Number of protein chains: 2
Amino acid sequence: MDKQTITIYDVAREASVSMATVSRVVNGNPNVKPTTRKKVLEVIERLDYRPNAVARGLASKKTTTVGVIIPDVTNLYFSSLARGIDDIATMYKYNIILANSDKNEEKEVQVLNTLLAKQVDGVIFMGNKITDELRAEFSRSRTPVVLAGTVDPDEQVGSVNIDYEKATEEATTKLINNGHKKVAFISESHEEPINGMYRLAGYKNALEKASLSYDDDLVVQSEYTYKVGEVVYEQLEKAGATAAVIADDELALGVLNATLDRGVKVPEDFEIITSNNTKLTAMSRPQLTTIKQPLYDIGAVAMRLLTKLMNKEETDEKTITLPYSIGTEGTVK
Amino acid sequence: MDKQTITIYDVAREASVSMATVSRVVNGNPNVKPTTRKKVLEVIERLDYRPNAVARGLASKKTTTVGVIIPDVTNLYFSSLARGIDDIATMYKYNIILANSDKNEEKEVQVLNTLLAKQVDGVIFMGNKITDELRAEFSRSRTPVVLAGTVDPDEQVGSVNIDYEKATEEATTKLINNGHKKVAFISESHEEPINGMYRLAGYKNALEKASLSYDDDLVVQSEYTYKVGEVVYEQLEKAGATAAVIADDELALGVLNATLDRGVKVPEDFEIITSNNTKLTAMSRPQLTTIKQPLYDIGAVAMRLLTKLMNKEETDEKTITLPYSIGTEGTVK
DNA sequence: CTGTTAGCGCTTTCAC
DNA sequence: GTGAAAGCGCTAACAG
């Protein structure tokens, strides 16, 4: 039925050695006489032997694959992180099982469980809020977990982020310094720690430092989609905002275009700073100013951290904060 | 060391049945007395038993995971296909191992091999040209393969695409009908069958039907990046083009912005039709007209086809062509 | 430096 | 309807 699959045993027989020896040469174990190694290698070549990673995984209890939970691959913010993750994973000989969660708590738990059932050596999680259930699953398994672009106030697992509070404060301040008195803040639900705890706090800090009062109408919670740009802009207009810090690039672009479509001049009459530094920010006209998060690096560093955790290496710090700046992209790759 | 992992054997003992029976209830085999099933289920619950998918994979020779080779997840065209793939995969209880290839032939072969070593039940390939080496690997393994958004003239494996030739012809004709005499055609290397064989042919067909002569200067081969838009636009300007069919959305957006930055009116003085229907097309100002490929569906149908192949089901047709249209996106999701 | 021997945790005949 | 037993293909002590 299945194509005659050749096993380590076949190689051993043909090379007149034991399977242990074959295993050794396959795994690069130095304790093999060069002559023997050569002989085995020849047979492997001749028979076109390919080690079965599943069998190896069962025997060694290591699968060299890590699970990656992502809200949506078609979201440039997350796919950029994913790219960093995959590159570093490949560098360390890991593969990635990618699963979309749509930030749906039920799916997240469900997917985490199938990942663990598949014996992944580690998990990288991107999402929102770490629910209690999720946190329980994380600690129930001994599998290391790293959050990328995702924070958990209860810092039990590894994580890589930027300082959202400071970044948002800086962005807001920049707008205020540009003369805006009514700066709006738009993000998804404040239930999410990144928004509710950090970004919002940063926004408030900036207001306070500038002695501006906080106005509820200037704080809008919205889903992160391009198409709601219209609606959001109308709310901002009604509230009299002349500038906005927006937590998502697609949404920011939607607001930008809605603004332009109404003949409002950007940035002269309405100024926007967005937060995710995806390539979209460089593709709009005018270009969007953004909190320049090192997207690829967040993913890459998260994966690197995970490799350390998987190897039980000493790690100085499990909660990593990467630097950011604010500006426009000069060029996109 | 490892957390005391509980196995099927523990469950069997606790439930006073054989592991065969436990296996049966776990796998929903009907040949189990309801009472027994209930008892086993209770023990599973109590012990919090989770079947080890790796062991299952080794014993059953099925991993319920498929490999997905993608040029770059951060490319919206491909990530949209990937989303369709993952959704259908999930629906059929498969997981996806996602690997970026950068369209690099060496990486493609390398990654395919590690995927096969991991005993994936099937492979979905997105890329360019299927090199001979790749084709050899495909047929050497018994693992079913489906190409998504990728054609192989030698139709040995499954594939899902649109009719690139007809679509490009239609796009070109549309531009010609809008009064353009000098329509350019921009794509990546003509070595790629999609470009060299189909799109280019479609472009030529359109010219011919309109009795326009083919002009080499109007045919540009360029990498698919936003930033080369400038350079490409300059070539088009020099060649006197007043319109262009562009094979990639990021590139098209680059050209669009370069055009606008020069004060040229779009579409009045320069008209563009792009080809990939990514959300970028709706986010530009003006919006880009595009060949509206059903991106998500291409991925979804490819995955569905793969499930059939993996189950050795009868399939009417392994080469699937999906419909397209030409226009602008009214709204983006 | 190399071989022997147990498993890894589960599926799958084959009996009963 | 249920159990016993033989692997799946490989790693990892443990000898020698």
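Residue numbering restarts at 1 for every chain, and letters A, B, ... go by the order of the sequence lines. Since this is a predicted model, take the numbers as computed values, not measurements.
Side-chain N or O atoms of B:Ser60 include one that pairs as donor or acceptor with a backbone N or O of B:Arg56 at under 3.5 Å.
Put simply, CD1 on B:Ile8 is 11 Å from C1' on C:dT12, counting in whole angstrom units. Summarising the geometry, the separation between CD on A:Gln119 and P on D:dC10 is reported as 19 Å, rounded to the nearest angstrom. As rounded to whole Å, 11 Å separates atom C1' of C:dA6 from atom CE of A:Met19.
For C:dG3, one of the phosphate oxygens OP1 or OP2 lies less than 4.0 angstrom from a side-chain nitrogen or oxygen of A:Ser18. The shortest distance between the side-chain N/O atoms of A:Tyr9 and the OP1/OP2 oxygens of C:dT4 is not below 4.0 Å. Neither OP1 nor OP2 of C:dT12 sits under 4.0 Å from any side-chain N or O of B:Ser23. Phosphate proximity of C:dC10 to B:Ser60: absent, as no side-chain N or O sits under 4.0 Å from OP1 or OP2.
Among the heavy atoms of the strands lying under 4.0 Å from B:Val17 are primed sugar atoms or P, OP1, OP2 only; no base atom is included. Among the protein residues, B:Asn52 comes within range of the sugar-phosphate backbone only, with heavy atoms under 4.0 Å from sugar or phosphate atoms but none that close to a base.
We find that A:Asp86 and A:Arg83 are not joined by a salt bridge, their nearest charged nitrogen and carboxylate oxygen being 4.0 Å or further apart.
Surrounding CD of B:Glu45 are at most 12 heavy atoms belonging to other residues, nucleotides or ligands under 6.0 Å away.
Counting distance only, with no hydrogens placed and no angle test, the side-chain atoms of A:Arg24 and the base atoms of C:dG3 include a donor-acceptor pair under 3.5 Å.
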